[in-house]
Asks: 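This is the structure I have questions about; it appears just below.
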Amino acid sequence: DFKKNQEVILKIDDLGNNGEGIGHVDGYALFVKEVLPGETIRAGIMKCKKNYGFARLLEVLEPSPDRVEPQCPAARPCGGCTLQHLSYNAQLRYKENKVKNCLTRIGGVDLTTVEWLPILGMQEETPWHYRNKAQFPVREQLDENGKPHAVTGFYAGHSHRVIPMTDCTIQAPIMREILEIALAWMDNNNIPAYNEEHRTGLVRHIYIRTGYHTGQIMVCLVCTRAKLPHSEELVAQLREQFPAIATILLNVNAKNTNVILGSETHLLYGPGYLEDTLCGVPVRLGPLSFYQVNTLAAEQLYGIAAQYAQLTPDDLLLDLYCGMGTIGLSMVDHCRELVGVEIVPEAIESAKANAARMGDAIATKSRFFCADAGAAATRLAAEGLRPDVIVLDPPRKGCDEATLSAVVKMNPQRVVYVSCNPATAARDAKWLETQGYRTEKVQPVDLFPRTKHCEAVLLLTKLNVERHIEVDVSMDELDVTAAESKATYNEIREHVWEIT
């Protein structure tokens, strides 16, 4: 039996889904943060369950060769970058294995029949300072003299305790300078930071967004009310110091909630948005716009999706969970028509505007409408829409069964699944495989270095035996038999298409 505060010597065997180490003492599993496979550690037990427990790292007795010193001094208490102590190449191996394990254990996918592509990581000089968006909570703390002052940073793991920092190693470097000016402005003008416990104070968050290709910057202060004293002074300081700032906003959120942004936004300077491009698609980003936080890696991700789509000029492309339309619009030159579906009204308006900025020809063959993906897919299937390719880019919870059922009813030749959660992607791939699709290719992509998260692109193709073909196609007509032919699955499939 084990008990709280007991110290144990532990050999770490593996990493869990959240990047925590897993070790066993007399068959009892313990989860420990900030440790690596192969390490021997001294740990203190914090919590005991019947079959497993949680412990904290006290000392690394035998370190792993993959262990590195975190660049961020707040890496241990901060709840963000859980893998900073792991070398980047080892991070990529961990994430690739994570995708493989999900596909085999949850999805039941036979990887020997899948074209598996090694994970795409960022270039060695760029896995730091890659994020183009950050939302920094603001709180009041006492300095060494006992005087209150405004601080910002990120929450400690599983808490709302702010770890003070302005120089986050995965955020764009310019954010530090903007934060320091904003915090000094608050202190100089006695602008109170938000107190979450008492629900008092004014400034809750400082939200900064940057355009990777344009260099434009958006600054948004999230406050408990619309009146912000001395805001003109802050705007003047920021504009003087940072000419790249395109817009400055005041967002109002007075609710007792973990949601950062409220629905009310006031313009302090500029047009209310910044401009950027992603895969050549021009976009305008406001505070509520969904946009991939790692531009370079997102362009890799969408490029893989375009390759998997294999679009031809006669194809109809359906983009479910389309957001601002970026994935579909990045492929629109290669298809006959694009239909995009998204549940967020502002995102659909942005998608339509993005298409219009790409020219009349693109706008004419692109249509976007606002609806739940499942309901929209069901309606489109009932209307007889027969897309050749469907792109799915769902949230972390994956697709619901209504969406997947409608996808199958529309009978596309290819489904390109862009996933931010390999577990739900594996679950959905398994469902589609029961309905006549085969997982053909998988490409993991690292959009979030130093963190536990990993994206992946899956290509699922319709099996020929399940296709609703009007004519009979026999092996004689193909002039080939299974025994005689060394043709691949794809070659036979293309022959069938030519005949039909």
Side-chain angles (χ1 to χ4, degrees), residues 99 102-103 120 133 278-281 283 285 289-295 297-311 315-332 334-335 338-344 346-348 350-352 354-355 366-377 380 387-404 406-408 410 412 414-429 431-432 437 439 441-448 453-460:
V99 177
C102 287
L103 286 174
L120 281 176
K133 184 186 85 168
L278 185 65
C279 295
V281 177
V283 295
L285 304 171
S289 303
F290 172 78
Y291 194 59
Q292 293 284 7
V293 299
N294 186 338
T295 305
E299 291 181 331
Q300 279 189 313
L301 184 80
Y302 292 173
I304 295 297
Q307 291 176 30
Y308 284 8
Q310 304 170 44
L311 291 167
D315 284 343
L316 169 60
L317 171 63
L318 174 59
D319 184 5
L320 291 176
Y321 311 95
C322 71
M324 299 171 64
T326 317
I327 294 183
L329 288 172
S330 71
M331 306 180 191
V332 71
H334 306 289
C335 64
L338 165 66
V339 177
V341 177
E342 171 60 54
I343 196 171
V344 180
E346 294 85 359
I348 284 296
S350 294
K352 292 176 180 178
N354 292 339
S366 305
R367 59 189 177 103
F368 297 93
F369 60 94
C370 184
D372 169 77
L380 293 170
D388 302 279
V389 179
I390 294 179
V391 173
L392 300 171
D393 185 14
R396 289 188 60 79
K397 65 181 180 180
C399 300
D400 58 25
E401 192 166 328
T403 302
L404 295 176
V407 166
V408 169
M410 287 185 280
R414 290 174 296 286
V415 175
V416 180
Y417 194 120
V418 180
S419 168
C420 60
N421 184 349
T424 52
R427 178 203 66 199
D428 294 347
W431 195 95
L432 287 168
Y437 284 84
T439 305
K441 294 183 180 181
V442 180
Q443 172 71 77
V445 183
D446 184 23
L447 260 71
F448 310 103
H453 301 293
C454 184
E455 303 253 341
V457 188
L458 285 67
L459 172 62
L460 295 103

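Computed over heavy atoms, backbone and side chain alike; hydrogens, waters and symmetry mates excluded.
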Asks: Can you tell me if T424 uses its side chain to pair, donor with acceptor, with the backbone of R396 under 3.5 Å?
Replies: yes
Asks: If you round to the nearest 0.5 Å, how far is NZ of K133 from CG of L285?
Replies: 10.0 Å
Asks: Determine, stepwise, if the pair V281 / M324 fulfils side-chain contact (heavy atoms from CB on, under 4.5 Å).
Replies: CA-CA 10 Å; V281 177; M324 299 171 64; over 6 Å; no
Asks: Going by heavy atoms in the side chains, are P412 and L318 under 4.5 Å from each other?
Replies: no
Asks: Strictly distance-based, threshold 3.5 Å: is any side-chain N or O of R427 a donor or acceptor partner for the main-chain N or O of C102?
Replies: no
Asks: Distance check, rounded to the nearest 0.5 Å: I304 atom CD1 versus E299 atom CD?
Replies: 13.0 Å
Asks: Return the minimal non-hydrogen interatomic distance between H453 and D446, and the atom names on each side.
Replies: O-OD1, 3.9 Å
Asks: Q300 vs E455, test: side-chain contact (heavy atoms from CB on, under 4.5 Å). Steps then yes/no.
Replies: CA-CA 11 Å; Q300 279 189 313; E455 303 253 341; over 6 Å; no
Asks: State, with a plain yes or no, whether a side-chain heavy atom of C322 is found less than 4.5 Å away from one of L329.
Replies: no
Asks: What's the shortest heavy-atom distance between Q310 and D315, and which atoms?
Replies: O-OD2, 3.9 Å
Asks: Are Y291 and V283 close enough, and set up right, to give a side-chain contact (heavy atoms from CB on, under 4.5 Å), and what steps lead you there?
Replies: CA-CA 9 Å; Y291 194 59; V283 295; 3.8 Å; yes
Asks: Go through the steps for Y437 and L404 under the test side-chain contact (heavy atoms from CB on, under 4.5 Å), then give the verdict.
Replies: CA-CA 12 Å; Y437 284 84; L404 295 176; over 6 Å; no
Asks: Say you draw a straight line from CG of D372 to CD1 of I343; how long is it, rounded to the nearest 0.5 Å?
Replies: 4.5 Å
Asks: Using every non-hydrogen atom in the two residues, find where A371 and A376 come nearest and quote the distance to one decimal.
Replies: CB-CB, 3.8 Å
Asks: How many angstroms lie between CE in M410 and CD1 in I390, if you round to the nearest 0.5 Å?
Replies: 4.0 Å
Asks: Less than 4.5 Å apart, side chain to side chain, heavy atoms only: is that true for M331 and Y302?
Replies: no
Asks: With a 4.5 Å limit on heavy-atom distance, are the side chains of L458 and L103 in contact?
Replies: yes
Asks: Can you name the closest pair of heavy atoms from G398 and Y417 and give their distance?
Replies: CA-OH, 3.7 Å
Asks: Which atom names give the shortest non-hydrogen contact between D388 and L316, and what distance separates them?
Replies: OD2-N, 2.8 Å
Asks: I need the single residue from V391, T403, V415, V339 that forms a side-chain contact (heavy atoms from CB on, under 4.5 Å) with L320. Which is it?
Replies: T403
Asks: So W431 and C399, do their side chains get closer than 4.5 Å, heavy atoms only?
Replies: no
Asks: Rounded to the nearest 0.5 Å, how far apart are OH of Y308 and CZ of R414?
Replies: 13.5 Å
Asks: Give me the atom names and distance for the closest heavy-atom approach of V99 to C454.
Replies: CG2-SG, 4.0 Å
Asks: Considering the options L338, N354, V341, D319, which one meets the side-chain contact (heavy atoms from CB on, under 4.5 Å) requirement together with F368?
Replies: L338
Asks: When rounded to the nearest 0.5 angstrom, what is the spacing between CD in Q307 and NZ in K441?
Replies: 7.5 Å
Asks: Is any side-chain heavy atom of Y321 closer than 4.5 Å to one of L392?
Replies: yes
